[in-house]
There are 4 protein chains.
Amino acid sequence: MEKRDLIIEASIQVFTEKGIEKTKISDIAKAASIGQGTFYLYFPSKLAVMPAIAEVMVAKIEAGLKTLQLQGSLSQQLTQIIDVFFEITKQNKETFTLIYAGLTQTQHVQEWENMYEPIYSWFHHFLERVIETKTIKIEHLSKMLVGLIESTAEQVYLYDKEERENELERKRSLVLFLEAGITKHS
Amino acid sequence: MEKRDLIIEASIQVFTEKGIEKTKISDIAKAASIGQGTFYLYFPSKLAVMPAIAEVMVAKIEAGLKTLQLQGSLSQQLTQIIDVFFEITKQNKETFTLIYAGLTQTQHVQEWENMYEPIYSWFHHFLERVIETKTIKIEHLSKMLVGLIESTAEQVYLYDKEERENELERKRSLVLFLEAGITKHS
Amino acid sequence: MEKRDLIIEASIQVFTEKGIEKTKISDIAKAASIGQGTFYLYFPSKLAVMPAIAEVMVAKIEAGLKTLQLQGSLSQQLTQIIDVFFEITKQNKETFTLIYAGLTQTQHVQEWENMYEPIYSWFHHFLERVIETKTIKIEHLSKMLVGLIESTAEQVYLYDKEERENELERKRSLVLFLEAGITKHS
Amino acid sequence: MEKRDLIIEASIQVFTEKGIEKTKISDIAKAASIGQGTFYLYFPSKLAVMPAIAEVMVAKIEAGLKTLQLQGSLSQQLTQIIDVFFEITKQNKETFTLIYAGLTQTQHVQEWENMYEPIYSWFHHFLERVIETKTIKIEHLSKMLVGLIESTAEQVYLYDKEERENELERKRSLVLFLEAGITKHS
DNA sequence: GATGAATGAGGTTTCATTCAT
DNA sequence: AATGAATGAAACCTCATTCAT
């Protein structure tokens with residue numbers, strides 16, 4: 001395994017365990033089983049690892065979406081899509097929290113949307129197949145779908161304790177809401 | 001002006017300029033024109049200022065919503081609401097970025113949703129007046145509305161440069177989408 | 001005693017003991033009985049102490065010259081002057097070595113001659129009283145006297161082991177040489 | 001070109017640019033276009049290069065003196081000699097500064113005078129031809145001549161900005177002064 | 001209550017040195 | 001002989017925190 005990837009893996013692990021502020025470079029190095037100096041050959045600081053971590057997560061979402069074999073009614077398809085986001089958010093909630101904290105601290109905030117480009121693009125293709133007339137530009141619709149799905153997933157898994165119990169119901173509500181937004185304008 | 005408020009103001013400014021990680025207590029103290037020691041009389045650490053900052057922003061949104069005299073069609077009312085969020089996000093974009101970064105770093109992530117309670121509550125009342133039957137629970141609908149409006153405002157103002165130009169159109173798309181989501185189930 | 005002076009004293013001591021390269025900031029702090037952090041309140045790096053050290057030595061020379069009550073023949077007066085330089089060089093040879101090494105490493109080489117201004121000035125007054133016509137500008141003569149006296153003192157005390165035995169004779173030679181240079185043009 | 005010489009050349013360049021303290025072995029290796037490890041095949045440390053650098057400069061002076069075909073009056077001959085020192089100092093001022101700093105840092109201070117032996121020796125022969133009776137030992141006179149010429153050249157080229165303009169006059173003053181010192185005792 | 005000079009623990013960062021290639 | 005990625009000891013330097021004023 002490449003040293004760079006070792007560092008990214010180790011960073012995710014240590015950051016999520018101890019938090020960004022309390023993580024020392026030496027912790028990451030130890031977790032990656034490399035020398036402290038070696039870390040600096042690949043990243044100039046611990047925060048500089050954040051974009052690389054973000055890329056990993058975005059890649060997971062993209063991969064999740066691409067393995068979908070969309071079938072059935074619109075609401076069924078939406079359910080499948082939502083499941084991808086919810087599942088990945090659920091399994092990587094610390095990492096997501098991490099990315100928000102980390103990206104905003106570096107000067108990489110702008111990169112965030114660029115990274116999402118593949119996701120938006122996927123939704124674009126999806127929507128093209130699903131809707132016909134466009135009262136709303138497909139680009140904007142894509143971004144709203146992604147934004148709403150993610151913010152809901154975050155509300156459910158990252159922030160609120162109670163919500164986790166309402167998981168299923170919130171997913172169902174989300175499907176209904178999205179379906180309405182999409183079909184109304186199809 | 002109260003010293004505590006001076007510190008909050010100064011923190012926003014310095015955090016925004018230098019980032020949380022690189023901000024020293026001494027920076028905040030200098031910006032607030034107080035002694036380093038004085039800081040500790042009001043806050044135990046720099047991260048402890050974050051919730052206070054967040055409260056200020058949530059209060060702004062709440063105040064903005066409460067001054068609305070909702071009139072006209074649903075879409076006109078939604079437009080007014082959206083304008084509140086967009087305007088405040090626009091004017092305080094650095095502070096919002098800050099809050100995401102800061103809250104996730106402290107153990108205050110959970111508090112975030114609690115703080116939003118008044119906002120959700122306001123939407124709850126709003127929706128009660130606007131819709132009648134509920135396929136979707138009003139609580140969930142409230143959260144989706146807030147989530148979607150905010151994530152869109154963030155996409156427009158915080159992340160993507162190009163989007164700022166599409167401001168008006170994205171707002172219009174948002175109104176349409178929300179309206180569909182609401183009326184479909186009313 | 002002022003902290004700044006404590007640091008200068010301690011620096012001279014530690015530098016001469018261990019050499020510049022091997023001296024750690026912590027060594028100086030310990031020798032000065034202050035905290036490591038305190039060092040940085042007064043100097044940004046160990047090399048930044050060098051000009052302050054140099055000033056101390058120049059002040060010693062100046063003080064030595066100013067206590068002279070020049071009397072007797074020219075050669076007697078020259079002997080007195082030379083003794084000042086030789087004595088101070090002898091007693092502070094490590095410090096002088098230090099200064100050469102230290103000043104050249106910082107960007108303070110230019111300051112060196114500025115520091116010497118009081119010495120040159122003293123010689124200027126001295127020569128004015130001693131010579132009358134000027135084939136050589138008094139300014140240049142001053143600098144040559146200082147340069148020759150110092151380079152000889154350094155040859156005797158800093159560099160060459162054997163020379164230390166010839167101390168007296170080299171002083172005598174120096175008096176003769178200087179006298180010739182001065183009187184020839186008087 | 002030999003690797004050893006490559007290293008010496010590169011060291012002069014890098015030392016001059018960054019200062020001895022801030023120069024890393026890797027900087028020298030990069031400047032010499034060799035591997036870091038290769039450096040150690042030729043020198044055990046960066047300071048160990050200093051004597052080699054010094055030798056190069058002393059060799060230049062010696063070579064300069066040996067090519068002189070001393071003719072004409074004493075003052076003409078002195079002018080020629082002085083020109084050699086001034087010219088070499090002028091062209092290699094950074095290197096000279098470097099050597100002072102470097103030698104004093106190593107344990108090679110003593111070697112300095114040994115290296116100068118050929119120069120002193122050359123002056124010895126020169127003075128033997130020029131003066132006859134010796135109030136001052138020729139050895140001492142040699143050293144004073146070298147010391148005065150060099151310290152003047154350094155004052156002119158290394159330290160003081162203004163002095164560079166007085167170059168010619170300081171040279172003339174130097175000739176007069178030396179001539180007086182020599183002839184008075186011949 | 002307010003201050004800021006002083007502190008020193010401990011994280012950051014460097015870089016001489018090694019050694020497998 | 002030559003290399004340069006990897007190392008980690010050890011220096012640097014910061015900065016939260018204290019406390020005498």
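Source: prediction; values computed, not measured. These numbers come from the heavy atoms of this one structure, side chains and all, not from hydrogens, waters or symmetry mates.
What you find for Ile28(A) and Ala10(A) is that their closest heavy atoms are O-CB, 3.8 Å. When all heavy atoms of Met50(D) and Ile99(D) are compared, the closest pair comes out as CE-CA, 3.9 Å. Of all the heavy atoms in Glu21(A) and Lys46(A), the pair that sits closest is O-NZ, 3.3 Å.
To the nearest angstrom, C1' of dG4(E) lies 15 Å from CG of Asp27(B). Computed from coordinates, the Tyr40(A) OH to dA5(F) C1' distance equals 18 Å when rounded to whole Å. Separating the CD1 atom of Ile7(B) from the P atom of dG1(E) is a distance of 12 Å, rounded to the nearest angstrom. Rounding to whole angstrom units, NZ of residue Lys30(A) and C1' of dG11(E) are separated by 13 Å. When rounded to the nearest whole Å, the span between CD1 of Ile34(A) and P of dA9(F) equals 15 Å. Atoms CZ (Phe43(B)) and C1' (dT17(F)) sit 18 Å apart, rounded to a whole Å. At whole-Å resolution of the value, CD in Glu21(B) and P in dT14(F) are 15 Å apart. Lys22(D) places its NZ atom 18 Å from the P atom of dA11(F), with the value rounded to the nearest Å.
Comparing atom distances between the Lys24(B) side chain and each of dA16(F), dT7(E), dG11(E) picks out dA16(F) as nearest. Distances from the side chain of Ile25(A) to the nucleotides dC15(F), dC12(F), dT12(E) place dT12(E) closest. Distance from the side chain of Lys3(C) is smallest to dA6(E) among dA6(E), dT3(E), dC13(F). The side chain of Leu41(C) lies closest to dT7(E), out of dT7(E), dA16(F), dA16(E).
The partner of dA2(E) is dT21(F), by the rule that a Watson-Crick or G-U pair needs both atom distances under 3.5 Å. Pair check for dT13(E) finds dA10(F); Watson-Crick or G-U wobble, both atom distances under 3.5 Å.
With hydrogens and angles ignored, no donor-acceptor pair closer than 3.5 Å exists between the side chain of Gln36(C) and the base of dC12(F).
The residue among Phe39(C) and Thr38(A) whose nearest nucleotide of DNA chain E is located toward the 5' end is Phe39(C). Both Ser45(C) and Thr23(B) sit near DNA chain F, but only Ser45(C) has its closest nucleotide nearer the 5' end. Ranked by how close their nearest DNA chain E nucleotide is to the 5' end, Pro44(D) and Gly37(C) are led by Gly37(C).
Within the 3.5 Å criterion, the main-chain N or O of Ile88(A) finds no donor-acceptor partner in the side chain of Lys60(A). At distances below 3.5 Å, not a single donor-acceptor pair connects side-chain atoms of Lys90(C) with backbone N or O atoms of Tyr157(C).
Considering only side-chain N and O atoms, Ser26(D) lies nowhere under 4.0 angstrom from the phosphate OP1 or OP2 of dC15(E).
Counting any heavy atom pair closer than 4.0 Å across all strands shown, Tyr42(B) reaches sugar-phosphate atoms only and no base atom.
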